[in-house]
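To start, the structure itself, in structure tokens.
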Amino acid sequence: MNLNPSENLIDTATENLPGPAVSEKPGSPELATKIETRDLNFFYGPMQALFGISIKIAERSVTALIGPSGCGKSTFLRTINRMNDIIEGTRITGTVYLENESIYDPQVDVVELRKKVGMVFQKSNPFPKTIFDNVAYGPRVTGIKNKNELEEIVERSLKQSAIWDEVKDRLNSSALALSGGQQQRLCIARTLATNPEVILMDEPASALDPGSTSRIEDLIYKLKQEYTIVIVTHNMQQAARVSDSTAFFYQGELIEFGLTETLFRSPREKKTEDYITGRFG
Amino acid sequence: MNQAGLQYKRRLKRRHLVSRMFAIICIISTWFGLLVVALLLIGLMFKATGIFDITASSQTELRNWLTPHLLTNHMSSHPEKAGMVAGIWGSFWLMVMTGFFSIPLGVGAAVYLEEYSRENLFTKFIRLNIANLAGVPSIVFGILGLTVFARMFSLFHDFPPIGIPVGIGMIKIPIPFGRTLLTGSLTLSLMILPIIIIASQEALRSVPQSIRHASLALGATKWQTIWHQVLPASLPGILTGTILALSRAIGETAPLIVIGAVSFTVYNPGNMEHVSDYLTKPEVLLTVPSSDFTVMPLQIWNWGTKPQPEFQDLASAAIIVLLLVLLCMNGLAVFLRHHYGKRLDW
């Protein structure tokens with residue numbers, strides 16, 4: 001864990017930011033709430049992993065989830081696209097709203113939900129198929145077969161995720177031949193191809209070298225013009241650099257949530273301060 | 001050197017000795033198996049080609065039995081005219097039909113167990129019993145096949161055959177199935193089903209969870225995830241297991257004797273007289289499932305039990321043909337595993 005004082009974190013962060021417009025900051029009146037949870041509790045069998053999480057995430061912003069390992073931030077992330085449903089013996093109480101829809105309602109189609117709420121995983125996980133087939137997979141499973149349409153979607157998604165120039169000449173070669181950083185951007189492109197509203201990222205750069213990491217961060221910054229992004233990260237400089245607001249989780253509870261700048265510069269809670277200054281975690 | 005040092009040195013010497021001896025024992029174990037198989041093969045080769053026969057009496061005529069006749073002629077009471085063509089075609093159709101029944105059932109069951117079922121007492125019970133079934137002697141499956149398929153518990157008398165319409169005509173299936181290829185293939189399917197299920201389960205398990213998660217997170221349904229991602233990625237493993245299971249089935253004799261497969265016949269399945277019949281008279285194909293049949297191991301058994309030494313040598317030649325077929329099937333399995341396994345380096 002980096003032991004830089006929090007002030008330094010914020011300084012580097014603001015230097016690296018290409019200067020976001022004031023209106024894009026969360027909490028300002030123009031940005032509507034995209035995701036809201038109310039008193040969300042989550043259980044793995046008898047073990048409770050999340051305790052009464054209530055949070056409002058603004059649309060077209062980047063929200064970072066930070067906290068020590070096992071604090072529930074990844075679990076929280078996966079409640080937003082119901083990926084936790086896959087794990088046997090999990091249980092949830094409380095509500096999660098995507099816009100005005102409660103996504104745990106019985107009539108909600110989880111397949112449709114996951115198309116709207118895309119996800120990028122910690123370890124890049126391209127399918128053992130060609131680059132083209134990887135990106136076209138999302139649209140294809142929804143039933144799009146028209147080749148021109150698919151080509152258009154693939155090109156748009158790869159351009160959006162800033163990897164088009166690197167792969168445009170080898171769309172038909174295996175995605176597994178790409179480097180780790182390229183694979184992760186390909187996974188982002190694959191998510192964008194389904195035209196999601198929200199993108200969840202679970203430590204997307206934790207396994208990447210610094211160059212690839214900064215490319216992913218630039219990408220996140222660019223993508224928030226159109227998408228709502230929630231990112232789990234262990235790297236506090238990264239949280240400071242890319243996010244508009246930050247939520248600090250500790251032992252399954254949401255300790256503090258606010259504008260990134262405020263949270264890093266003058267945290268309200270003692271625990272937050274201890275964590276971001278590297279005293280534990 | 002002090003006392004402890006000397007003792008250490010002495011022990012060290014012994015430790016090295018034990019280590020070397022263990023290596024030698026392992027090498028002997030390996031070579032024992034290899035040598036016995038090699039001796040068998042060489043003996044078979046010599047017998048089949050007439051170079052040398054240690055079991056032959058002085059008046060036996062030594063000659064090469066590995067001739068094209070062996071592959072094209074029917075059974076005959078004259079060893080020099082006898083061939084195993086009916087067995088070759090019987091084995092071929094038996095494998096095609098066994099694969100047709102066992103692959104969808106086996107892979108389907110494996111997909112259910114690995115992808116859909118939740119861990120509970122019922123599925124644990126099923127898993128345990130599949131593993132047990134794989135160890136059941138084949139003759140037990142033969143008796144099962146005789147009762148269930150060949151005789152159908154003697155429930156049906158003078159029952160008209162059932163016609164199944166296909167593109168070019170009707171497949172007529174007698175009820176009960178009797179001693180037909182259909183009975184044989186269903187019986188062998190039951191026998192190899194546990195092997196296919198276990199191999200497929202392992203292949204499915206080797207597909208990383210991250211692939212399933214990626215597909216589900218993109219809004220694919222469970223079925224799409226299985227069909228487009230999990231099954232293609234596990235296909236090499238499934239195919240390898242299936243081919244190995246089929247090569248066990250192709251060498252089976254006991255269950256086929258029990259269900260009443262004939263060991264002496266001069267007809268190919270569907271009364272086909274020449275290979276081209278399958279193309280020029282496709283209606284021949286329709287009668288394949290309901291025809292009597294023999295298979296290579298049965299012919300070998302038939303020849304091997306005859307008193308004349310010439311038939312014994314003929315059996316050796318037939319064994320070599322059967323072994324070559326087996327070798328090709330296993331080679332295909334190895335090829336599939338290596339060729340497709342390499343591309344899937346997670």
Side-chain angles (χ1 to χ4, degrees), chain A residues 77-78 80-89 109-130 133-144 157 173-177 183-184 186-196 198-202, chain B residues 111-127 200-240 335-346:
Chain A
L77 190 78
R78 288 198 305 268
I80 304 172
N81 67 345
R82 291 182 58 175
M83 280 304 272
N84 284 325
D85 292 17
I86 300 169
I87 307 165
E88 273 180 51
D109 185 344
V110 67
V111 168
E112 205 184 338
L113 171 75
R114 289 185 188 140
K115 186 195 160 296
K116 278 193 277 189
V117 185
M119 186 164 199
V120 177
F121 296 83
Q122 177 175 10
K123 192 171 167 286
S124 59
N125 51 358
F127 301 127
K129 294 170 183 267
T130 65
D133 287 344
N134 261 279
V135 183
Y137 183 71
R140 268 182 185 148
V141 295
T142 65
I144 297 175
S157 311
S173 56
S174 169
L176 296 178
Q183 285 190 3
Q184 196 59 296
L186 178 71
C187 290
I188 295 174
R190 187 173 67 179
T191 305
L192 296 177
T194 63
N195 214 1
V198 178
I199 303 172
L200 309 176
M201 298 187 173
D202 193 353
Chain B
V111 166
Y112 168 72
L113 287 173
E114 282 305 307
E115 306 289 326
Y116 286 98
S117 77
R118 302 210 159 214
E119 192 69 31
N120 57 33
L121 269 177
F122 175 67
T123 51
K124 266 189 199 148
F125 179 76
I126 292 182
R127 275 169 224 268
S200 305
Q201 276 184 291
E202 245 144 58
L204 291 169
R205 230 175 284 147
S206 72
V207 178
Q209 283 296 335
S210 65
I211 292 298
R212 295 179 180 86
H213 291 172
S215 174
L216 291 172
L218 286 168
T221 60
K222 189 140 192 168
W223 160 244
Q224 286 173 324
T225 300
I226 292 170
W227 182 250
H228 293 295
Q229 302 297 345
V230 180
L231 278 180
S234 55
L235 202 59
I238 293 177
L239 283 179
T240 306
F335 171 77
L336 284 170
R337 192 166 37 205
H338 271 257
H339 186 72
Y340 292 100
K342 223 183 292 167
R343 289 191 325 177
L344 298 177
D345 195 13
W346 308 105

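All figures in this text were calculated on a predicted structure; none of them were measured in a lab. Residue numbers start from 1 in every chain, and the chains themselves are labelled A, B, ... in the order their sequence lines are given, proteins ahead of strands.
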| task | Search all heavy atoms of B:Ser210 against all heavy atoms of A:Asn125 and return the closest pair with its distance. | result | O-ND2, 3.0 Å

| request: Heavy-atom distances under 4.5 Å only: say whether A:Arg190 touches chain B with side chain, backbone, both or neither. | output: both

| Hey, are the side chains of A:Tyr137 and B:Gln229 touching, using non-hydrogen atoms and a 4.5 Å cut-off? | yes

| Pairing residues for A:Lys116 by the salt bridge (charged side-chain N to carboxylate O under 4.0 Å, His left out) criterion, not counting sequence neighbours | A:Glu101

| task | With rounding to the nearest 0.5 Å, note down the distance linking CD in B:Glu119 to CD in A:Glu88. | result | 7.5 Å

| message | Just checking B:Tyr116: does its OH atom have more than 12 heavy atoms from other residues, nucleotides or ligands closer to it than 6.0 angstrom? | response | yes

| remark: Taken in chain and number order and not counting sequence neighbours, the residues that satisfy ring pair (Phe, Tyr, Trp, His ring centres under 6.0 Å) with B:Phe335 are B:His339

| If contact means a heavy atom pair closer than 4.5 Å, which residues of residues 212-222 of chain B contact chain A? | B:His213, B:Ala214, B:Ser215, B:Leu216, B:Ala217, B:Leu218, B:Gly219, B:Ala220, B:Thr221

| task | Could you tell me which residues satisfy salt bridge (charged side-chain N to carboxylate O under 4.0 Å, His left out) with A:Asp202, sequence neighbours excluded, listed by chain and number? | result | none

| field | Interchain contact, A:Val117 with chain B, by part (heavy-atom threshold 4.5 Å) | value | backbone

